[in-house]
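Everything below concerns the one structure shown next.
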Amino acid sequence: MNAYVPILVLGALATAFVVFSVVAAAVIGPKRYNRAKLSAYECGVEPTPQPVGGGRFPVKYYLTAMLFIIFDIEIVFLYPWAVQFDALGMFGLVQMLVFVGLIGVAYAYDWRRGGLEWD
């Protein structure tokens, strides 16, 4: 149980910092509310009314999310490879080059198809 004490202390400190920050911002922060600050913010574009059940998202939103997941997974696989780079030798290097090459092909395909452009 003694091994978990530092983790619990760190968790308690993080929680205390979060609570303190939120309370301090509410107490000390400026309170100048106006119509613009109370309205929804959509990247500088005037918000559009949405149907009751929600609106439809464009397909590009999902393509961008999938592209993010692909590169996120690539980083998850690159980190342990970098840690064990010396132990894996040339075999590990070739395998990672193949993996990065396949990810690069997917990226180039998405780029050529216009998946990175917001129209």
Side-chain angles (χ1 to χ4, degrees):
M1 190 65 182
N2 288 338
Y4 294 109
V5 170
I7 296 172
L8 293 174
V9 169
L10 184 62
L13 284 174
T15 303
F17 178 73
V18 167
V19 170
F20 172 76
S21 298
V22 170
V23 170
V27 171
I28 299 171
K31 296 169 181 60
R32 289 181 237 122
Y33 300 111
N34 57 29
R35 184 173 179 243
K37 285 190 177 186
L38 294 175
S39 67
Y41 180 72
E42 293 184 9
C43 301
V45 179
E46 287 294 324
T48 57
Q50 294 290 326
V52 175
R56 299 179 91 188
F57 287 100
V59 173
K60 289 197 182 240
Y61 172 80
Y62 296 107
L63 292 176
T64 304
M66 290 174 64
L67 189 65
F68 171 77
I69 289 171
I70 287 171
F71 286 107
D72 194 37
I73 290 171
E74 179 183 14
I75 295 302
V76 166
F77 283 121
L78 278 175
Y79 182 74
W81 170 79
V83 170
Q84 292 293 319
F85 179 71
D86 289 337
L88 294 174
M90 186 58 74
F91 175 76
L93 178 64
V94 170
Q95 292 299 317
M96 191 50 67
L97 287 176
V98 169
F99 177 69
V100 170
L102 288 173
I103 297 294
V105 168
Y107 178 71
Y109 173 78
D110 194 30
W111 191 354
R112 284 290 282 172
R113 297 282 300 188
L116 302 176
E117 297 173 7
W118 290 98
D119 295 328

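Every value quoted in this text rests on a predicted model; they were computed, and no experiment measured them.
A search for ring pair (Phe, Tyr, Trp, His ring centres under 6.0 Å) contacts involving Y107 returns F71, W111, not counting sequence neighbours.
You'll find the side chain of I103 stays beyond 4.5 Å of the side chain of I73, heavy atoms only. Inter-residue side-chain proximity for M96 and F99 is flagged as met; some heavy-atom pair is nearer than 4.5 Å.
Under a hydrophobic clustering in which Ile, Leu, Val, Met, Phe, Trp and Tyr are joined whenever their side-chain heavy atoms come within less than 4.5 Å, directly or via other members, F91 and V83 fall into different clusters. Tracing side-chain contacts under 4.5 Å through hydrophobic residues (I, L, V, M, F, W, Y), one never reaches L88 starting from V76; they form parts of separate clusters. Follow the hydrophobic side-chain contacts under 4.5 Å out from I75 and you reach L93 in the same cluster. Cluster membership for V100 and L67, using ILVMFWY side-chain heavy atoms within less than 4.5 angstrom, is shared.
Tested against W81, the residues Y79, F85, F77 include a single ring pair (Phe, Tyr, Trp, His ring centres under 6.0 Å) partner, F85.
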Name each donor-acceptor pair under 3.5 Å that joins a side chain in residues 6-24 to protein atoms two or more places apart or in another chain, with its distance.
| unit_1 | atom_1 | unit_2 | atom_2 | d |
| --- | --- | --- | --- | --- |
| T15 | OG1 | G11 | O | 2.8 |
| S21 | OG | F17 | O | 2.9 |

